Structures are given as C-alpha cells and as structure tokens.
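First the structure, in the form of structure tokens, and then the observations on it.
A quick note: this is a predicted structure, and the numbers were derived from the prediction, not measured.
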Amino acid sequence: MSKKRICQSCGLVIGKDHRKWGTEYDGITRSDKYCNECYLFGQFTNGTRMTVEEFQDLCRRALVEDGYSRIMAWILTRGMSRLERWRNGG
C-alpha cells in the first residue's frame, strides 16, 4: 500500500490530483508538499507568522462552518504539529 500524499501544512489529502497542489513562485510549478489552500506562488496563504495552535484554531472554525462537529474538527486537526511546516517552526 502506497503512502498518501498529504499537505504538510494542513494535512489535507492531495494525492495525485495536481489541481489540489499548491504552486511555487512562478505560479506554474506545482508544490509536492502543500495544497492550494495553504500555498500559492511560493508563499503560505495564511502568512508565515502564524503558530500551529493559531492555524489549528483557524482550521477548526472553518471545519465547523462547513458542518463538521467540534469533536470531528478537533480530531482532524490534532496531528498538525507533526507536519513538516510546523516541525520546522512554521
């Protein structure tokens, strides 16, 4: 079983669907680490000064607004600190 490609910022499964991949500085080259919700034109869409706790809170609120329960939103965001972006200090 192959390992699924996930965004190293938010944890979204991006797999092989290039439309979900973020872009590097040129806007054309696809990032193989980040989704297009988190990373466009070589920059994080939510800024670089955000802590993992702030980002988790932002994502939880967005998930609840999309209809997820608070418990499910917490479950989906609890492992973010282990992702590459946050292990390297955000």
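Residues satisfying the salt bridge (Lys or Arg N to Asp or Glu O under 4.0 Å) test with K20, not counting sequence neighbours, are none. With sequence neighbours excluded, the residues forming a ring pair (Phe, Tyr, Trp, His ring centres under 6.0 Å) with F55 are W86, listed by chain and number. With sequence neighbours excluded, the residues that form a side chain to side chain contact (heavy atoms under 4.5 Å, CB included) with L40 are T23, N36, T45. Residues satisfying the side chain to side chain contact (heavy atoms under 4.5 Å, CB included) criterion with L63, sequence neighbours excluded, are Y68, A73, L76, T77.
The six-membered or imidazole ring of F44 lies near that of Y39, with a centre-to-centre distance under 6.0 Å.
Between E24 and R30, no side-chain nitrogen of the basic residue sits less than 4.0 Å from a carboxylate oxygen of the acidic one, so the salt-bridge criterion is not met.
C38 SG to Q43 CD: the interatomic distance, rounded to the nearest 0.5 Å, is 14.0 Å. With rounding to the nearest 0.5 Å, the separation of CZ in R61 from CD in E65 is 8.0 Å. The CZ atom of R70 sits 14.5 Å away from atom CD1 of I75, with the distance rounded to the nearest 0.5 Å. A distance of 13.5 Å separates CD of E53 from CG of L58, quoted to the nearest 0.5 Å.
R49 and E54 make their closest contact through O-OE1, 4.0 Å (heavy atoms, listed as atom of the first residue, atom of the second, distance). Considering all non-hydrogen atoms of both residues, L83 and Q8 come closest at CB-O, 3.3 Å. Residues S81 and R87 come closest through the heavy atom pair O-CG, 3.7 Å.
Clustering of Ile, Leu, Val, Met, Phe, Trp and Tyr side chains at separations under 4.5 Å leaves I28 isolated, with no partner residue. Taking Ile, Leu, Val, Met, Phe, Trp and Tyr as members and joining any whose side-chain heavy atoms lie under 4.5 Å apart, directly or through other members, the hydrophobic cluster of L12 also contains I14, W21.
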Start with the C-alpha distance between E84 and K33, add both sets of side-chain angles, then the distance that settles side chain to side chain contact (heavy atoms under 4.5 Å, CB included), and finish with yes or no.
-> CA-CA 9 Å; E84 186 175 320; K33 292 183 184 181; 2.8 Å; yes
Using the side chain to side chain contact (heavy atoms under 4.5 Å, CB included) rule, take C10 and C35 through it: C-alpha gap first, then chi angles, then the decisive distance, then the call.
-> CA-CA 8 Å; C10 70; C35 74; 3.8 Å; yes
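Residues C59 and M80 form a side-chain contact, since some pair of their non-hydrogen atoms from C-beta on lies under 4.5 Å apart. Annotation: side chain of R85 is not in contact with side chain of V52 (no heavy-atom distance under 4.5 Å).
Residues V64 and W74 are members of separate hydrophobic clusters, defined by side-chain heavy-atom contacts under 4.5 angstrom among Ile, Leu, Val, Met, Phe, Trp and Tyr.
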